[in-house]
Number of protein chains: 2
Amino acid sequence: MSNASPLPLLDPDVVPCCPPLTERPLTAEEAVRTAAMFKALGDPVRLRLFSAVASHEGGEACVCDISDVGVSQPTVSHHLKKLKEAGLLTSERRGTWVYYRVEPSVLAAMGHILGRYAAA
Amino acid sequence: MSNASPLPLLDPDVVPCCPPLTERPLTAEEAVRTAAMFKALGDPVRLRLFSAVASHEGGEACVCDISDVGVSQPTVSHHLKKLKEAGLLTSERRGTWVYYRVEPSVLAAMGHILGRYAAA
DNA sequence: CCTCCATTTCGATGAACGTCTATGTTGACG
DNA sequence: CGTCAACATAGACGTTCATCGAAATGGAGG
């Protein structure tokens, strides 16, 4: 394939996990890896935290910016950790604050997995 | 309502739930509804069952076609019920067998929610 | 009717999860 | 150094969930 594009397009390495759900039945192993991503977004609090980061200006936010989700601070920290373990967020400490940022490739992978319906 | 379009395009009613995660922080209520969809796909067994239906010829499959996922048959039925409650599958009985079918609009909604990353 | 087969429902059990309070860690600033 | 603020970790508690075996439902066929 002549993939000489200089644009930041999706390259195959970015979607290493699994084929679209509509292509063929997932194997057990594929299902485990894919389910982990969906599971990470399967909690309302995590989803709000993730959305808050994703929609924040600059594509990143410190914890203090997004802690107003109705649960205690340790719970926020706990959920951010889960999102990080799932590969959906990355974090970086800068001085006093810790900044979280969306990992675009994982989102792209999820979109890819949803298959033709998602692209409609 | 003037819904006179003859084309099977995505109409707004099909994506009633929520804006893309990247557009603005989700409200609590939006997060609950959206998380339910992701949660339904957040289990490996459910994901395999869903994939089996989605990839089956004709876009539908009877339970007997997709029961080889390594759990007991009642457990399969349990997960299919969950997927149905989440709006991801529909079912119809034809004689002895029950056929499950993918609900495309919900998949489209999820793709929409994933936002620009998924569409890339 | 009676039986067979596919599927669902029921009830129980053990693991995983979300949440909290209390405490620890890390950097900034006098 | 001492203190404060931001964030993470630890441990406990109640709830939800996935799973199973057993029993119920409901068409199909003799």
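Chain letters run A, B, ... following the sequence lines, proteins first, then strands; residues in each count from 1.
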Taking only residues two or more places apart in sequence, or in another chain, which ones meet [X] in a side-chain contact (heavy atoms from CB on, under 4.5 Å)?
X       : result
B/Lys84 : B/Ser91, B/Tyr100
A/Asp68 : none
A/Gln73 : A/Ser77

Where does the chain A footprint on DNA chain D start and end, counting 5' to 3' with a 4.0 Å heavy-atom cut-off?
->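 Result: D/dA6 to D/dT9.
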
Would you compute the distance between atom [atom1] of [X] and atom [atom2] of [Y] and round it to the nearest 0.5 angstrom?
X        : Y        : atom1 : atom2 : result
A/His112 : A/Ser105 : NE2   : OG    : 13.5 Å
A/Asp65  : A/Glu57  : CG    : CD    : 9.0 Å
A/Ile113 : A/Glu23  : CD1   : CD    : 11.5 Å

Which parts of residues 47-59 of chain A get close to DNA chain D, meaning a heavy atom less than 4.0 angstrom away?
->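 Result for residues 47-59 of chain A: none.
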
Heavy-atom contacts under 4.0 Å between residues 62-69 of chain A and DNA chain D, which residues?
->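 Heavy-atom cutoff 4.0 Å gives A/Cys62, A/Val63, A/Cys64.
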
B/Arg101: salt bridge (charged side-chain N to carboxylate O under 4.0 Å, His left out) partners, not counting sequence neighbours =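 Here the qualifying residues are B/Glu60.
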
Any residue meeting salt bridge (charged side-chain N to carboxylate O under 4.0 Å, His left out) with A/Glu92, in chain and number order, not counting sequence neighbours |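 Salt bridge (charged side-chain N to carboxylate O under 4.0 Å, His left out) list for A/Glu92, sorted by chain: A/Arg94.
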
Among pairs that include at least one residue of residues 67-98 of chain B, which meet disulfide bond (SG atoms under 2.5 Å apart), considering only residues two or more places apart or in two chains?
->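 Sorted pair list comes back empty.
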
pair A/Val32-A/Glu29: side-chain heavy atoms closer than 4.5 Å =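 No; the side chains remain at least 4.5 Å from each other.
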
Do A/Leu88 and A/Val102 come close enough that some side-chain heavy atom pair is under 4.5 Å?
->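 A side-chain contact under 4.5 Å is absent here.
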
Polar atom pairs (N or O), protein with nucleotides 15-18 of chain C, under 3.5 Å:
residue	atom	partner	partner atom	Å
C/dC17	OP1	A/Lys39	NZ	2.8
C/dG18	OP1	A/Arg46	NH1	3.2
C/dG18	OP1	A/Arg46	NH2	2.9
C/dG18	OP2	A/Arg46	NH1	3.4

Shortest non-hydrogen contact from B/Trp97 toward B/Cys64 |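 Closest pair (atom of B/Trp97, atom of B/Cys64, distance): CD1-SG, 3.7 Å.
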
Please list every donor-acceptor pair under 3.5 Å in which a side-chain atom of residues 34-55 of chain A meets a protein atom from a residue at least two apart or in another chain.
residue	atom	partner	partner atom	Å
A/Thr34	OG1	A/Glu30	O	2.9
A/Asp43	OD2	A/Val45	N	2.9
A/Asp43	OD2	A/Arg46	N	3.1
A/Arg46	NE	A/Ala40	O	2.7
A/Arg46	NH1	A/His79	ND1	3.1
A/Arg46	NH2	A/Lys39	O	3.4
A/Arg48	NE	B/Leu26	O	3.2
A/Ser51	OG	B/Leu21	O	3.1
A/Ser51	OG	B/Arg24	O	2.9
A/Ser51	OG	B/Leu26	N	3.1
A/Ser55	OG	A/Ser51	O	2.8

Decide whether A/Val98 and A/Val76 are clustered together by the hydrophobic rule: side chain heavy atoms of Ile, Leu, Val, Met, Phe, Trp, Tyr closer than 4.5 Å, transitively.
->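 Yes, because A/Val98 and A/Val76 connect within a single hydrophobic cluster, where side-chain heavy atoms sit under 4.5 Å apart.
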
Indicate, with yes or no, if B/Tyr99 and B/Leu80 share a hydrophobic cluster defined by side-chain heavy-atom contacts under 4.5 Å among Ile, Leu, Val, Met, Phe, Trp and Tyr.
->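 In one cluster with B/Leu80: B/Tyr99, no.
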
Does anything in residues 90-103 of chain A reach DNA chain C, meaning a heavy atom under 4.0 Å, and if so which residues?
->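 A/Arg93, A/Gly95, A/Thr96, in order of number.
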
